[in-house]
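Any value given below was found using the heavy atoms of this structure, including those in side chains, with hydrogens, waters and symmetry copies removed. Each ligand, and each atom within it, is numbered from 1 in the order the structure gives. Residue indices begin at 1 and follow the sequence shown.
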Amino acid sequence: FLVKFPNSTIRFSTEISTTSTRHASTRTPDSTISLIQVEISAKAVAFDGRLALWNAARDITARKIAEDELRLAASVYQNSNEGMMVTDAKNRIVSVNPAFTSLTGYEAEEAIGRTPSMLQSGKHAEEFYSAMWESLNRTGSWHGEIWNRHKSGELYAEYLSINVIHHEDGTVHRYVSLFSDITDQKRKEDLIWKQANFDSLTGLPNRRLFHERLSREIEKAERSGQPIALLFIDLDRFKEVNDTLGHAKGDVLLQEASRRIRQCVRQTDTVARLGGDEFTALLPESGESLGIQRIADKIIRELFRPFDLEDGDVGYISASVGITLYPQDAADPATLLSHADQAMYAAKTEGKNRFSYFTPSMQEEAKNKLDLTNQLRGALERGELEIHYQPIVELSTGAIHKAEALLRWRHPDRGLILPGAFIPLAEESGTIHEIGRWVLEQSAAASKRWRERYGLRIQVSVNRSPLQFEQFEPCKCEDITIEITEGLLLGKSEKVKAQLHALHENGMEISIDDFGTGFSSLSYLKQFEIDYLKIDRSFIQDLEEDESDQALTQAIILMAHKLNLRTIAEGVENPGQHDLLLHFGCDLAQGFLYSPAVPEREFESILRTGSAWHWRR
Ligand code: C2E
Ligand code: CA
Ligand code: CA
C-alpha cells in the first residue's frame, strides 16, 4: 500500500460515500519521500449482503498547484497597487483591474473596448509612441516612464511595462500592461534637480547650470561657427544697500535686478546668478557686435534706474559689465568666464556703471597681478616693504604733531610700488593681516624713537582695511591713530562699537578716512567713538574754484566740531587751499604742499629742521 495518511481518519457521516482531499506522503520509485495531495474517495458498497468498503486515492498535486496559482493571480490582479490593463491584438482594452481605475480615474466599463490612447497626455511626441511599438514588435516588451492623463484632466507620470503574449503560431494574443504612479517621485526628482541647478532667490540658473550651458553652447558654436558673447555683470554699491537697508531689502533688489536683466536679452539666452551680486548673460549666435553692445547698454541703463524696495525704501545701484567673445578671446569655458570677469573688473576701475571688452592687455594685467600677489607673500621677510611718513600739520601754527604711515614696496625689478597697486592684492590673498601688524609695530616703534631722540610727541596714523579690522586685536599703543573708512561703521555696528572702544582703552585714537566719498552721514558717526574726520582729497582738489566744494567742506568742518571731532584736510597742494581751510576753521592738513610721504630718515630731518611749509613761506 503506497499511500500513508498521517493523523487522518476518513469520516463517513450519514452518507454512504465520501470524497475528500488529504495531504499524504509518498515514496517515489527513487525512494525519496515527498508530500503530495491526494483525493480520497471511499464508498460503502453492499456486496453480497455485506457491506464492503471501496477506497480509491488519486494524486491531484499538479491540479492543486495550478488552481492555487490561478487564485493567486486573480487575487494579485484584484488587489495589486499596480495598475493592470490587458488589450487584445488590435490593442482594444479587454480587462483592467481596480488599481487601473484608481490610477486613471476610468471605471472598467468606461475603458473596456477603447484603446489605451484614451490616456495619452499629449506630452510625448509621435516618435515616442512609434519607438514603443517598434520595441513591442521586435522584442515583445517595452518599459519606461510615460506621462498620461487622468480622467480629471490632470497629468501623471507612471512607470509602465508592457509584455506581449503570443499565440502558439506566433501571432499576438494579448498586450499586458503593468504600471505604477511615479508622479511624486518625479516631482521630488524635479525639485532636487531644480535645487541643484537654480538659484532659490532669483529662480535663475546657478553657477553649476551656467557652466553646463556654457559648455554646451561652445560645443554648438564649434559646429555652427557662430560666435558667443558672454557678459559678466556685477552690481556696484550693492553691498551698501545690503548694509544700510538690511538683507531682506537686498534680496528684493536682487530679485528685481534679475528680472530687469532677463528682460534685456532674448528668450533663448541664459541669464544666471553666479552668487552674491554677480550675474552672467550667455548670448549665443552673437555675430553682430553692435547687438551685444546694445544689450550691455540696456542692462546698465536698466540697473541704474532706482529700485523700489517697499516701505518707501529705494535702492540706488549701478552695474559694471565685462564682455568677452568666443572664439576670439578664449577657447574653453573656464578661460572665457575668467576673461569676462577681468573685463568687468576693468569696467569697475574705469569708473563703474559701464561695460568693457576683454582685451589681451587686460590678460597681461591679470597675469601681472598674479605674479605680484605671489611675490608679495615673501616681500615682508625679504625686507622689501618700507613705511614712508607724511607729516600732518596744524593749520594755524604749521607745527607737526602727527604723521600718516604709508606703505611702500621696493620691488627688486619694478622699483617703488605704491600701495594702490598692491594693498588690494594683499587683501585678496590675506597677506594684509601680517603686513598690517608689521606696519602698526613699526609705526609705534618709530614714534617712540622720535620722542626719545627729539623729545617730540608724534602721533602716527595707521591705515586699516575693513578686512583687517575684523580680526584686529588691539595692543597697547599710545601715539597711534587708526584710520578706518566709514563703510566699516555700516552694518555690524555693535561689534565695531566694541572694537573702537577697545582701541580707546588701549590709548589709541580713531580717524575716519576719505570722509565724503561714501555714506557720509555725520549724525551716524555720533554713535561711535571717533576722534578725527579726514576730509577726502576730492573736496580739496578744486576747493578754490568750486563753490559747492567750499560749502560742503565748511559744513563738514562745522558739523564735525559740533560732534567734538577734529578735522584733517587731505591732499592740500597749494597755498590757496591752505588759506581757505584755515579760514573755514579746519584743524589739521596733510598734502604735497607741506611734504609728500618720505622715508623715515627724511621725515626725521623735517622734524629736526622743523621745515614744514609754514616756515618756508
Ligand atoms: P589714503 O589713506 O587716502 O592715503 C593718502 C594718499 O594720498 C597717499 O597715497 C598719499 O601719498 C596721497 N597724498 C598725500 N598728499 C597728497 C596730495 O597733496 N596730493 C595727492 N594727489 N595725493 C596726496 P598712497 O601712499 O599711494 O596711499 C594710497 C592708499 O593706500 C592710502 O590712501 C591708503 O588707503 C592705502 N594704504 C597706504 N598704506 C597702507 C597700509 O599700511 N595699510 C592699509 N590697509 N592701507 C594702506
Ligand atoms: Ca589714510
Ligand atoms: Ca584718505
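- For atom 24 (P) of ligand 1, the candidate residues are S511, P419, S443; the nearest heavy-atom contact is made by P419.
- With 3.5 Å as the limit, one finds a donor-acceptor pair spanning the side chains of E404 and N463.
- Atom OE1 is the N/O/S atom of E483 found closest to the Ca ion (ligand 2).
- Using a 4.5 Å cut-off on side-chain heavy atoms (C-beta onward), L372 and R414 make contact.
- Side-chain atoms of L337 and D341, non-hydrogen and from C-beta on, never get closer than 4.5 Å to each other.
- Within a 4.0 Å radius of atom 44 (N) of ligand 1, the protein contributes one or more non-hydrogen atoms.
- No side-chain heavy atom of M344 sits less than 4.5 Å from a side-chain heavy atom of I233.
- Using a 4.0 Å cut-off between heavy atoms, E404 contacts ligand 1 through its side chain alone, with no backbone atom that close.
- With 3.5 Å as the limit, one finds a donor-acceptor pair spanning the side chains of S318 and D236.
- For atom 10 (C) of ligand 1, the closest non-hydrogen atom of the protein is L406 CD1, 3.7 Å.
- Ionic pairing of E434 and R437 is not present here: no N-O contact between side-chain nitrogen and carboxylate oxygen is shorter than 4.0 angstrom.
- Between the Ca ion (ligand 2) and the N, O or S atoms of D513, the shortest distance is to OD2.
- Taking 3.0 Å as the threshold, E570 counts as a candidate ligand of the Ca ion (ligand 3), since one of its N, O or S atoms lies below it.
- Taking atom 16 (C) of ligand 1 as the reference point, the nearest protein heavy-atom neighbour is F592 CE2, 3.3 Å.
- Interface of Q390 with ligand 1, defined as ligand atoms under 4.0 Å from a residue heavy atom, comprises 14 (C), 15 (N).
- Counting only N and O atoms by type, the side chains of E483 and S511 include no donor and acceptor under 3.5 Å apart.
- Counting the atoms of ligand 1 from 1 in the order shown, those under 4.0 Å from a heavy atom of V439 are 41 (O).
- Ionic pairing of E310 and K249 is not present here: no N-O contact between side-chain nitrogen and carboxylate oxygen is shorter than 4.0 angstrom.
- At least one protein heavy atom sits closer than 4.0 Å to atom 38 (N) of ligand 1.
- In terms of protein heavy-atom proximity, atom 34 (O) of ligand 1 is nearest to N463 OD1, 4.2 Å.
- A donor and an acceptor atom, one from each side chain of T567 and D587, are located under 3.5 Å apart.
- Counted by atom type alone, T270 and R213 present one or more donor-acceptor pairs between their side chains at under 3.5 Å.
- Between D199 and R207 there is no salt bridge, since no side-chain N of the basic residue sits under 4.0 Å from a carboxylate O of the acidic one.
- Every atom of ligand 1 is numbered from 1 in the order shown, and the set under 4.0 Å from a heavy atom of E573 is 17 (C), 18 (O), 19 (N), 20 (C), 21 (N).
- For ligand 1, the atoms closer than 4.0 angstrom to any heavy atom of D514 are 3 (O).
- Of the protein's heavy atoms, D513 OD2, 2.9 Å lies nearest to atom 2 (O) of ligand 1.
- Nearest non-hydrogen protein atom to atom 25 (O) of ligand 1 is R408 NH1, 2.8 Å.
- By the 4.0 Å N-to-carboxylate-O rule, D514 lies too far from K534 to be salt-bridged with it.
- With 3.5 Å as the limit, one finds a donor-acceptor pair spanning the side chains of Y357 and Q293.
- When the Ca ion (ligand 2) is compared with the N/O/S atoms of E404, atom OE2 turns out nearest.
- In the candidate list Q442, R537, E570, R537 is nearest to atom 6 (C) of ligand 1, counting heavy atoms.
- Remark: distances from the non-hydrogen atoms of Q541 to ligand 1 are all 4.0 Å or more.
- If you look at D514 and ask which of its N, O or S atoms sits nearest the Ca ion (ligand 3), the answer is OD1.
- Taking 3.0 Å as the criterion, N463 counts as a coordinating residue of the Ca ion (ligand 2), since one of its N, O or S atoms falls below it.
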